[in-house]
Protein chains: 2
Amino acid sequence: MAATRLQRDLKKKRPFESAAQEAALNLLRTSDRLQHRFVRLFRQHGVTPAQYNILRILRGEGQPLPILEIASRTVTVVPGITGLVDRLQQAGLVERIRCEQDRRVIYVAVTPKGMDILAALDRPVVELHEKLLGHLGQKDLKELNRLLAKARAPWPDE
Amino acid sequence: MAATRLQRDLKKKRPFESAAQEAALNLLRTSDRLQHRFVRLFRQHGVTPAQYNILRILRGEGQPLPILEIASRTVTVVPGITGLVDRLQQAGLVERIRCEQDRRVIYVAVTPKGMDILAALDRPVVELHEKLLGHLGQKDLKELNRLLAKARAPWPDE
DNA sequence: CGAAATTAGTTTACATGTCAACTATCTTCA
DNA sequence: TGAAGATAGTTGACATGTAAACTAATTTCG
């Protein structure tokens, strides 16, 4: 069996033990490299991917959200959201608003400056997606989505 | 267009703007959840995925490797490898050996304890791969590998 | 030959993701 | 009613990945 491109990339001496292992590594590596491209894009606008994601979530909701709610929509646990919101607040992109009915609850709202960042990134984000994945074409993109969904289907929710 | 499972998972209000964006998010999410499963497995044996990867690389090479070489085989830049090797060394899983011909070079070697960890994880790692991706079947796995490779093909090397 | 340039690895600072513990606030129940 | 239990968010510690700066060692070149 000829060494796959992935195998050569990794300077791996032995062939993959199984297709599943190759797929897993393929998945991680592709995802990692994809993320890197977005990291670079976001960095040009002064935010990190995780920060951008929070801004995006808040804009999508159209109103301030409690920290617990934000956490439920991201891969990050609550203490991590605290840190993210800290830094977003420091950068003037969000503000914290304590709920008057329940003093435990903190709402996070996007500032106009945060909205500006989002607006500035709307087009570049779309373009980067097309640039990185557009060559797959609609048929293969749908197939990729199908396979990824099929892969996840039996995994228990977290 | 009916909301996809992924969209519902993310409590996303609006449909995906494009198949490319859906695929990107699908990729990141699938990869993330896959990694989580391995994190849990490795944690049971007292190592993190990145540490395990380094042990694996060293065993695969069959001899000690310089830090720069290790870095070239992982997604981590050199200062990060220093930290990883620090912690591996602290745990007694690797040792540092300074090269006598070039005093700048540090070789990293797996200790017998490190080899024990690797051996203990060999089978569980294979089984987890099968468990998480085996249901796709050979045909779909090959197709997934093809699509992921095709996705990456035009991306410049880093 | 010796200074300048290059290289290998470390240190420092930062962001992010995780877990455990903690504080403040609200709800439940005897 | 007031204590116990539950909840929302924060703090602290840790690992990992990144960039910049630094130190030690080797190589290059005038």
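All values below were derived from every heavy atom in this structure, side-chain atoms included, with hydrogens, water molecules and symmetry-related copies excluded.
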> To which residues is Val39(B) joined in a hydrophobic cluster, defined by side-chain heavy-atom contacts under 4.5 Å among Ile, Leu, Val, Met, Phe, Trp and Tyr, whether direct or through other members?
none

> Do any side-chain atoms of residues 42-49 of chain B form donor-acceptor pairs under 3.5 angstrom with protein atoms, and if so which ones, sequence neighbours left out?
from: His45(B); atom 1: ND1; to: Leu41(B); atom 2: O; distance (Å): 3.4
from: Thr48(B); atom 1: OG1; to: Gln51(B); atom 2: N; distance (Å): 3.3

> Measure from CD on Gln89(A) to P on dA15(C) and round the result to the nearest Å.
14 Å

> Going by an N to O cut-off under 4.0 Å, is there a salt bridge joining Lys131(A) and Glu127(A)?
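Answer for the salt bridge query: no.
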
> Take atom CD1 of Ile70(A) and atom C1' of dG17(C), then tell me their distance rounded to the nearest Å.
16 Å

> When we call it a touch if two heavy atoms are under 4.0 Å apart, what does Pro66(A) touch: a base, just sugar-phosphate, or nothing?
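Result for Pro66(A) = sugar-phosphate.
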
> Can you tell me which residue pairs pass the ring-ring contact (aromatic ring centres under 6.0 Å, His included) test with a partner in residues 101-129 of chain A, sequence neighbours excluded?
Phe38(A)-His129(A)

> Quick check on contacts: within residues 105-115 of chain A, what sits under 4.0 Å from DNA chain D by heavy-atom distance?
Val105(A), Ile106(A)

> Hey, does Arg96(B) reach any base, or is it just sugar-phosphate, or nothing, if we go heavy atoms under 4.0 Å?
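It contacts sugar-phosphate atoms only.
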
> Please report the C-alpha distance between Glu143(B) and Lys139(B) in whole Å, then the side-chain angles of each, then the deciding distance to 0.1 Å, and finally whether the salt bridge (charged side-chain N to carboxylate O under 4.0 Å, His left out) criterion is met.
CA-CA 6 Å; Glu143(B) 181 66 2; Lys139(B) 184 163 176 275; over 6 Å; no

> Restricting to side-chain hydrogen bond (donor to acceptor under 3.5 Å, both in side chains), what partner residues turn up for Thr30(B), sequence neighbours left out?
Arg152(A)

> How long is the line joining CD1 of Ile97(B) and P of dG9(C), in whole Å?
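Distance, rounded to whole Å: 13 Å.
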
> If the cut-off is 4.0 Å, is His36(B) near the phosphate of dT18(C), judged by side-chain N/O to OP1 or OP2?
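So the side-chain polar atoms of His36(B) do come within 4.0 Å of the phosphate oxygens OP1 or OP2 of dT18(C), strictly under.
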
> Of the residues in residues 76-87 of chain B, which ones touch DNA chain D at a heavy-atom distance under 4.0 Å?
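Those residues whose heavy atoms fall under 4.0 Å from DNA chain D, taken from residues 76-87 of chain B in numerical order, are Thr76(B), Val77(B), Pro79(B), Gly80(B), Leu84(B), Arg87(B).
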
> So how far is it from Thr76(A) OG1 to Ile81(A) CD1, rounded to the nearest 0.5 Å?
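Here the interatomic distance stands at 4.5 Å.
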
> Below the 4.0 Å mark, does dG17(D) have OP1 or OP2 next to a side-chain nitrogen or oxygen of Gln35(A)?
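No, outside the criterion.
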
> Can you tell me if Gln101(B) touches the phosphate of dT26(D), counting only side-chain N or O atoms and a distance under 4.0 Å to OP1 or OP2?
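So the side-chain polar atoms of Gln101(B) never come under 4.0 Å of the phosphate oxygens OP1 or OP2 of dT26(D).
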
> Contact class for Val75(A) vs. all strands (heavy atom < 4.0 Å): base, sugar-phosphate, or nothing?
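Sugar-phosphate, no base atom in range.
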
> Can you tell me if CZ on Arg123(B) sees more than 12 non-hydrogen neighbours from other groups inside 6.0 Å?
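At most 12 heavy atoms, drawn from other residues, nucleotides or ligands, come within 6.0 Å of this atom.
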
